[in-house]
Protein chains: 2
Amino acid sequence: MADQTPSGESLLFLTDEQLRKGIEAMFFAYRGFTADPDRILEGMDYGRAHHRAIHFIHRSPGTTVSNLLTILGVTKQSLNRVLRTLVDDGLVEARVGRRDKRERHLHLTAKGQELERELSDAQRARMRAAYRAAGPQAVAGFRQVLEAMMDPELRRQYQGLKESGA
Amino acid sequence: MADQTPSGESLLFLTDEQLRKGIEAMFFAYRGFTADPDRILEGMDYGRAHHRAIHFIHRSPGTTVSNLLTILGVTKQSLNRVLRTLVDDGLVEARVGRRDKRERHLHLTAKGQELERELSDAQRARMRAAYRAAGPQAVAGFRQVLEAMMDPELRRQYQGLKESGA
DNA sequence: CTTGGAAAGTCAACAAGGCTGACGTAACTT
DNA sequence: AAGTTACGTCAGCCTTGTTGACTTTCCAAG
């Protein structure tokens, strides 16, 4: 367990104490991460689940319901409840597939785009402030550690989303 | 908005695209972060809320209910429901305060310690793997960005916890 | 000593957002 | 023609969050 590492380097960053700090940092930071969109959503009839759906539809316009299911990692019943309200309220459009008519391709309407922008502006503002405060070096490390923390399957999702659209 | 920065440094890490990647990294990484304890807890009658309570009681033995309320950011009714099951099941002991008998000082029992260890072993294992893969430099950046992302009030909680016990 | 208010606990009711199971329909595939 | 896939939906359940109202305990200030 204490092998394979460059023997010159200190391993103090792997102590249980350091790991605990990292764990608590994740906990508190995630609260901040979701706080702004949550604040915007409360009062509307929507919640975090709607935000996630909107985010990924914006990210990959034309994505199908089952794509979304895979990315979000919830059941179709759960997603459907959310999606239905978004479609009913005219934020999301579900177009029947042309090649495969079983599929529904999801798009944000103008109204949906508007809410998406409001939410992501808020979230990005916090992110931007954090990035700016920490600097590019720190940001690179931040991304590296997060990526290493993901489940392999989720990491593929993440990396797949990184470059290619839809 | 484009001032105050060292003019030689690229600001490409502040583009909306980079921020979006960071946002999605947080989303996917947090899923991984909670996955292992969640797996352990399912089947037992406990959930993530119990894990959080156990974690912070372990972290600050003797902490009071209202301390815990502040840290966790939930209502006392919500916390109480969780705490009650933990006390009833003999994982947590709530000792009446000696100076102020209204207060309950919370401690893990031996059984509680045992579960705490099981949960945090799992969570630390993932964290350790991620830290090791990313290296000390990256970890420093990771912590910096997370800290900058917290709400100021939560950051104080976090920093307070960093050094001093209870 | 009385009283105001803080700390803790409890009951009830509710909502969001997960879950499972079962079922139906349309459409693609073999 | 049969089987599979994609999607939707009904029904019911659980966890974990919320409000509001209320009680008990007990410290501390008047």
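Below, read A as the first sequence line, B as the second, and so on, with proteins coming before strands; counting in each chain starts at 1.
- Electrostatic pairing of A:E114 and A:R117 does not count as a salt bridge here, judged by no charged N lying under 4.0 Å from a carboxylate O.
- Taking side-chain N and O atoms only, A:T75 has no distance below 4.0 Å to OP1 or OP2 of C:dG18.
- What separates CG of B:L68 from P of D:dG17 is a distance of 12 Å, to the nearest Å.
- Tested against A:F27 for a ring-ring contact (aromatic ring centres under 6.0 Å, His included), the candidates B:F56, B:Y158, B:F33 yield a single pass: B:F56.
- Residue A:R52 is the one, among A:R99 and A:R52, whose nearest nucleotide of DNA chain C lies closer to the 5' end (criterion: closest heavy atom).
- Atom-to-atom, CZ of A:R98 to C1' of D:dA6 comes out at 19 Å; the value is rounded to the nearest Å.
- Heavy atoms of A:H50 sit under 4.0 angstrom from primed sugar atoms or phosphate atoms, though from no base atom.
- Heavy-atom contacts from other residues, nucleotides or ligands closer than 6.0 Å to CD of A:Q113 number more than 12.
- Side-chain atoms of A:M149 and B:Y30, non-hydrogen and from C-beta on, never get closer than 4.5 Å to each other.
- One can place CZ of A:R48 at 14 Å from P of D:dT16, the figure rounded to the nearest angstrom.
- Note on A:G73: only backbone sugar-phosphate atoms sit closer than 4.0 angstrom, heavy atoms only; bases stay farther off.
- The shortest side-chain heavy-atom distance between B:R20 and B:E24 falls under the 4.5 Å cut-off.
- At whole-Å resolution of the value, CG in B:D38 and P in D:dT16 are 9 Å apart.
- Using a 4.0 Å cut-off between charged side-chain N and carboxylate O, A:R126 and B:D151 make a salt bridge.
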## Note on the structure
A correct 5'-to-3' footprint of nucleotides 5-15 of chain C, with B, S and - meaning base, sugar-phosphate only and no protein heavy atom under 4.0 Å, is BBSBBBB----

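- Taking atom CG of A:L72 as the reference point, atom P of D:dC7 lies 13 Å away to the nearest angstrom.
- To the nearest angstrom, C1' of D:dT19 lies 13 Å from CD of A:E42.
- The NE2 atom of A:H51 sits 18 Å away from the P atom of C:dA16 (whole-angstrom rounding).
- Under the 4.5 Å side-chain criterion, counting only non-hydrogen atoms from C-beta, A:M44 is in contact with A:L115.
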